[in-house]
2 protein chains.
Amino acid sequence: VNGTRLGGETDRETRDVIWTRDPRTGTTMPTHLEPTSTERVAEIAQRAADAASPLHRAGRAARAVLLEAIAAEIERHVDELIAVADAETGLGEPRLRGELARSAHQFRLFATAIREGSYLEAMIDHADESAAPPAPDLRRMLVPVGPVAVFGSSNFPFAFSVLGGDTASALAAGAPVVVKAHGSHPLTSARSFEILAAAAATAGLPRDIVGIVYGQPAGTALVGHPAIAAVGFTGSLAAATALCDTIAARPKPIPFFGELSSINPVVVTPAAAAAHAGDIARGLFASVTGSAGQLCTKPGVVLLPAGAAGQAIVDRLRELFRDADEAVVLNSRIRDSYVAFSERLRDAPGASLLPTRAEGESADGFVVAPCLVEIEATALADTAEECFGPLVMVSRYQDVGEIVGVLGGIPSSLTATLHVEHHEELLDTLLPALEAHAGRIVFNGYPTGVRVSWAQHHGGPWPATNSQHTSVGVTAMRRFLRPLVWQNAPASALPAELREDVTEIPRRVDGVLRPARVADRNDGDRP
Amino acid sequence: VNGTRLGGETDRETRDVIWTRDPRTGTTMPTHLEPTSTERVAEIAQRAADAASPLHRAGRAARAVLLEAIAAEIERHVDELIAVADAETGLGEPRLRGELARSAHQFRLFATAIREGSYLEAMIDHADESAAPPAPDLRRMLVPVGPVAVFGSSNFPFAFSVLGGDTASALAAGAPVVVKAHGSHPLTSARSFEILAAAAATAGLPRDIVGIVYGQPAGTALVGHPAIAAVGFTGSLAAATALCDTIAARPKPIPFFGELSSINPVVVTPAAAAAHAGDIARGLFASVTGSAGQLCTKPGVVLLPAGAAGQAIVDRLRELFRDADEAVVLNSRIRDSYVAFSERLRDAPGASLLPTRAEGESADGFVVAPCLVEIEATALADTAEECFGPLVMVSRYQDVGEIVGVLGGIPSSLTATLHVEHHEELLDTLLPALEAHAGRIVFNGYPTGVRVSWAQHHGGPWPATNSQHTSVGVTAMRRFLRPLVWQNAPASALPAELREDVTEIPRRVDGVLRPARVADRNDGDRP
């Protein structure tokens, strides 16, 4: 089959094969992969369930070896992985190289975390016969929930996909993973899955601790399968809603951890605008247009002060957007949504767009023009929504009340950003509003670039996520764990971490936190 | 109105007033309370939302004072509270006195926990300019989600109701509480609410951090109100399903933390049965019939070995149930469900009931007869379900495979109990099955009597609860908290707990857990 000949002829894509597309040219090619049948999904899910107990009982040390083997396997195949992913995503070599480094770091960080052992939340309350009524001995720690279905994202072919944080955190927790490959990068997903499988073999763990399925129907079947115990999802609100309907129809519902949508408002105070107009304009432009604006933390709404300082930022932004290169986005759906959104904005009260056409000029490929939208602050509540692609909405505010009003009127976000010069008075009003709005408050910076570390939180009030959990950082593991308590258990029936006199991990004993007693351990975050 | 005259005339209960019933006599009386109108629910929910920021920003010390004031206020009014509750529940003075002590202890334990500060999960990752890309400073801790709707239980008028663990954990977390009073004890709820309100005044906190509503429609309106951020629920699967439908219809869904249903299987190994037949029979009988069998951890299914040792336990149980006194249950719905369930079991394969009639003989009052159901193990999958009241189903097993089959066939539970004599070989197979089945594994004891402490977990796989969280113990707070991260924040914008050089609370700094540095602190669990 000649790929070029089939370019764009999506009508001819059949359901018997998985297709890949080159977003730079729009070329469509069949792959060697097939959509996974419902029967095969059931088999993969059941095998994952059968592997759950071996993976859990292999212990933390064995799982740390697994995670480090995945990191090493990634690094051994970096160039090959970049080549496959660049052809399917158009994201370019520097970005993809950085993303793979992030993936490998992520697996190593979880290895460090499970060796350290705090995540177990191990606690012992010794028996108290003198209490009324007498109190039994209780020993608590977290255990894995069971197989996790992972739905990777379109925009991170590595760090939020097969080799992403959901996979890393689930395996670290001791939960097998079945990934639904994203349709935008099936070959990257397949090659990534080989990395996981090879590392499982290296670590001497069952092959079935990881599985992969292809195609939308397979994803639905996966979420509906009784062996699946939780879902980690990164994607659109619409796709999430469909999966949640499937979950609601299960005899036993399961937790769904979704990262769904985010506008990421940026607020610039009058003093910050006056002091740093040029820097802020350049920083915003870079944050909006980086990775073709396809980041879940891309700034979507910017609130600038009325007056000259705010105007200086707008003027500089106009220059930057006027001179901006066209950008290649991941797929036709993102391109079409981008163009449709900008068309809708054109009719909003007081809106003006630069350039006036957001559709790219190239006939081939999934190409868009970066777009600056100036719009009345009062119009944001009715118009602002997540839009993948290099578009930002900029409004001017008169006072802090207007900022708070905008934050209350637009959907909640993963992040909220504040540029502030000193402890300006409006902070007393503004900070609580920002804290209520998002899961991460960024000061004098930009929300894109999510550090993978212990303290990170990548989550936020609905619809940013549907949960009180994060999908980035060490605490992401908590999604795939549940507490279990042993009451008056003999030592032989207890997990090693809950036996008497264990000092290698932090535990709370009779209410008192006892750190691990390991003099020469370094459990720090060493990227 | 003459209460006696109206006894049992529930047709005449109007919707204009809240009614109370004496379960010992069936007497029905109107109260001074009214069903809360939808408009009034909205007002109460909005006031709770307005009180959320003051409650959070009052800080941990002020909230600890609040919780201790509630405990003191409970203790000041113990006799009065017992009198009101006994008239509405028939649970009797010793049980209610114990429950109030538990309630007071619970509030004090949460006060200890929030002073100690681990629950904040405070973490700091300092900036690392040498990293590629440079890593920003991240500071994370948990903050309250906002107002919580609490649905108290029928069976614990104090410890799982207005003065219960959901209220205590939410207030500790910094979240205002609006309680839906349970229809089985409205006057107890009203008097309990006065305790909360008085303590809020004592602690100098806004009155609106606590609210209460009456009547089923008010409960539905509460869960649907946009100001409510989470739900803590103890009750039936059916009631939970209705509330979850209301949540699903909200523009912004919210987390629902339900404790829903539990069968609490008990397994006795052959060696344990041989060694302790009499003790086990007496212990089981007490656990099944205590509080008239109206405990969510009441043993519902007991698996005994085939053969003489198992038979000895059955024989002793028959004697105990034959001689048992009738019991008063909380309301007519529990009595009717109990009788209907025993009627259904009568027709199950190989089932025999003792006594043959589970309906109490008294004409008045909500009275039932304790009931021993012997039934084939193979019939359990089709019959076993939660049944409030002093009924237990007992089956015999041939081998460990049959036990595992039963555990896989009946719904999951809050607890699973094992009587075991030494490290018998079947444990290797049995322990993983018990761990998969429940949230707490009890060895050589009984699941009733839930210790309130740091390490407790009162939760389990669906349908025991719908979540990975507990409703009893210090970690219950986690349900009403969400993470928040400040990136590169100036000290003046940070909460006190995340500023540099804080040593009063445990924190993780650059990946290393640092316990609090307070030499003379005792953070233990001191009931």
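Numbered from 1 within each chain, the chains take letters A, B, ... in sequence-line order.
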Chain B contacts, top residue of [options] (heavy-atom pairs, under 4.5 Å):
options                        : answer
A/S118, A/G445, A/P133         : A/S118
A/T470, A/I441, A/L513, A/V145 : A/I441
A/P506, A/A52, A/A135, A/G460  : A/A135
A/R140, A/M123, A/E121         : A/R140

With only heavy atoms counted, which part of [X] is less than 4.5 Å from chain A, the side chain, the backbone, both or neither?
X      : answer
B/T475 : side chain
B/A229 : neither
B/V509 : neither
B/P251 : backbone
B/N488 : both

Under 3.5 Å donor-acceptor, B/D125 side chain and A/W454 backbone
yes
Smallest heavy-atom separation, B/Q487 atom then A/Y446 atom, equals NE2-O, 4.2 Å
Nearest heavy-atom approach of B/E435 to A/A493 is OE2-O, 4.4 Å
Who in residues 477-484 of chain B is close to chain A, using a strict under-4.5 Å heavy-atom cut-off?
B/R478, B/R479, B/F480, B/L481, B/R482, B/P483, B/L484
Atom pair CG (B/L494) and CZ (A/F443), whose distance is rounded to the nearest 0.5 Å
7.0 Å
Using 0.5 Å steps for rounding, measure from the OG atom of B/S492 to the CD atom of A/E424.
10.5 Å
Contact origin within [X] toward chain B - heavy atom pairs under 4.5 Å:
X      : answer
A/P447 : neither
A/H126 : backbone
A/L427 : neither
A/A132 : neither

For A/R97, which residues count as a side chain to side chain contact (heavy atoms under 4.5 Å, CB included) partner, sequence neighbours excluded?
A/V78, A/D79, A/I82, A/E93
Are side-chain heavy atoms of B/P432 and A/H56 found at a separation under 4.5 Å?
no
Heavy-atom pairs under 4.5 Å with chain A: which of B/S412, B/A122, B/A438, B/C244 has the most?
B/A438
